Amino acid sequence: MPVVCVTGATSGIGRATVERFVKEGWEAVALGRREERLAALADRKSVRTARLDVRHRDEVEQVFKAMGDIDVLVNNAGLALGLEPAQECSLDDWDTMVDTNIKGLLYCTRAALPGMVARKAGHVVNLGSIAGTYAYPGSNVYGASKGFVLQFSRGLRCDLHGTGVRVTDIEPGLLESEFSDVRFKGDESRFENLYKNAHPLRPEDVADAIWWVTTRPAHVNVSQVEIMPTTQSLASARVFKG
Ligand code: NDP
Ligand code: 8X3
């Protein structure tokens with residue numbers, strides 16, 4: 001039975017991805033910090049779980065060593081904190097985003113790659129964002145972290161040339177999940193206002209894209225997938241007239 005490992009599997013896209021792969025007959029290794037949510041996922045016979053904070057390099061190494069061979073790694077754990085202009089942001093929030101979205105993703109990728117290369121097969125799916133390509137007010141460090149994910153994904157493709165290991169950057173736009181609860185630090189009115197009448201993506205839409213890229217024939221590498229709700233498009237550049 002093929003194995004998918006999903007970081008940040010306790011919510012949103014990660015949980016939907018675990019559910020999709022399990023439904024398709026795969027085994028899943030679900031990782032995250034909230035143990036009660038991991039326990040709920042572990043109810044299923046084909047789901048193994050482990051508590052993992054991706055910011056802790058030693059923990060990542062231990063957990064990946066213990067999990068054995070995996071066919072697909074979904075680097076999904078990530079977050080945005082705040083939407084303030086850079087000059088007002090908290091440095092602690094910036095540290096947390098860099099440590100999770102960049103360094104955590106690096107630790108997990110580095111732990112998974114040697115086995116994939118040795119087996120000449122495997123797939124690393126990274127959760128980027130449209131914020132990694134298009135800047136918007138307040139995207140500052142979050143957007144830059146996703147820009148890192150995109151460029152790192154491209155670099156991985158270069159380094160993995162000829163190994164048979166595939167890499168995909170998935171770049172969703174507006175999607176309703178706990179993501180905005182975390183970003184707005186529990187401010188329900190901002191959460192509701194963002195999604196109200198917006199018809200955002202659902203976690204299952206992105207899980208579907210992840211399933212699609214990983215089930216293409218072995219000779220096909222889908223490098224980037226940008227996916228937005230139909231209701232979302234990009235505005236033109238602004239001009240401030242002072
Ligand atoms: P959720 O908040 O619903 O899920 C985020 C997941 O990441 C949770 O399971 C959380 O689990 C986990 N996580 C956060 N920090 C850590 C950490 N230090 N170690 C391990 N796990 C962690 O958000 P989404 O499902 O929407 O987001 C998933 C990914 O998709 C993120 O990388 C996000 O940037 C990206 N994305 C989201 C979009 C959106 O609009 N929602 C759009 C584009 C991209 P726990 O707290 O239990 O550890
Ligand atoms: C999340 C999507 O547009 O809020 O990555 O940055 S967005």
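Because the structure is predicted, anything quoted here is derived from the model rather than measured. Both counts, for ligands and for their atoms, begin at 1 and track the order of listing.
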Verify same cluster id: Val6, Ile210 (apolar side-chain graph, 4.5 Å): yes
Heteroatom distance test (Gly8, ligand 1): nitrogen or oxygen, under 3.5 angstrom: yes
Val182, any N or O under 3.5 Å of ligand 1 N or O: no
Shortest protein contact, atom 2 (C) of ligand 2 (heavy atom only): Ser129 OG, 3.6 Å
Backbone or side-chain N or O of Ile13 under 3.5 Å from ligand 1 N or O: yes
Top protein contact for atom 28 (C) of ligand 1, by heavy-atom distance: Asn76 OD1, 3.0 Å
Atom indices of ligand 1 within 4.0 angstrom of Gly12 heavy atoms, with elements: 3 (O), 25 (O)
Nitrogen or oxygen of Phe179 less than 3.5 angstrom from that of ligand 1: yes
Proximity of Arg183 to ligand 2 by residue part, where a heavy atom lies under 4.0 Å: side chain
Ligand 1 contact on Asp53 by region, counting heavy-atom pairs under 4.0 Å: both
Subset of ligand 2 atoms that lie under 4.0 Å from at least one heavy atom of Tyr136: 3 (O), 4 (O), 6 (O), 7 (S)
Structural part of Arg37 in contact with ligand 1, heavy atom criterion under 4.0 angstrom: neither
Protein residue, atom and distance nearest to atom 5 (C) of ligand 1, heavy-atom basis: Gly78 O, 3.7 Å
Check against side-chain contact (heavy atoms from CB on, under 4.5 Å), Asn140 and Cys89: CA-CA 9 Å; Asn140 50 68; Cys89 285; 3.8 Å; yes
Which segment of Leu52 sits under 4.0 Å of ligand 1 when only heavy atoms are counted: backbone
For atom 46 (O) of ligand 1, the option (of Arg183, Arg33, Glu59, Glu36) bearing the nearest heavy atom: Arg33
Polar proximity ligand 2 side, Gln232 side, N/O cut 3.5 Å exclusive: no
Glu19/Lys23 salt bridge by N-O under 4.0 Å criterion: no
Winner among Gly14, Pro203, Gly173 once heavy atoms are compared against atom 42 (C) of ligand 1: Gly173
Hydrophobic cluster identity match, Leu175 and Tyr142, side-chain contacts under 4.5 Å: no
Identity and distance of the protein heavy atom lying nearest atom 33 (C) of ligand 1: Tyr142 OH, 3.7 Å
Arg55 near ligand 1 by a heavy-atom separation under 4.0 Å: yes
Ligand 2 atoms in contact with Tyr142 (distance to a heavy atom under 4.0 Å): 1 (C), 5 (O), 6 (O)
Salt bridge (charged side-chain N to carboxylate O under 4.0 Å, His left out) partner of Glu27, chosen from Arg44, Lys45, Arg48: Arg48
Ligand 1 N/O within reach of Ser129 N/O, cut-off under 3.5 Å: no
Protein contact to atom 43 (C) of ligand 1 [nearest heavy atom, distance to 0.1 Å]: Pro172 O, 3.2 Å
Linked, directly or transitively: Met67 and Leu113 (ILVMFWY side chains, under 4.5 Å): yes
Protein heavy-atom partner closest to atom 24 (P) of ligand 1 - residue, atom, separation in Å: Ser177 OG, 3.5 Å
Glu226 and Tyr134: side chain donor to acceptor below 3.5 Å: yes
Protein contact to atom 21 (N) of ligand 1 [nearest heavy atom, distance to 0.1 Å]: Ala77 CB, 3.5 Å
Minimum-distance protein heavy atom relative to atom 47 (O) of ligand 1: Thr10 OG1, 2.7 Å
Per-atom contacts, ligand 1 versus Arg34 - under 4.0 Å to a heavy atom: 8 (C), 10 (C), 11 (O), 45 (P), 46 (O), 47 (O)
Single-linkage hydrophobic cluster, 4.5 Å side-chain cutoff, Val124 and Ile170 together: no
Any N/O pair Leu127/ligand 1 closer than 3.5 Å: no
Basic-acidic side-chain contact under 4.0 Å: Glu61, Arg57: yes
Close aromatic pair by centroid cut-off 6.0 Å: Phe179 and Phe191: no
More than 12 heavy atoms from other groups under 6.0 Å of CZ on Arg110: no
Partner of Glu178 under salt bridge (charged side-chain N to carboxylate O under 4.0 Å, His left out), chosen from Lys185, Arg183, Arg37: Arg37
Identity and separation of the nearest protein heavy atom to atom 1 (P) of ligand 1: Ser11 OG, 3.5 Å
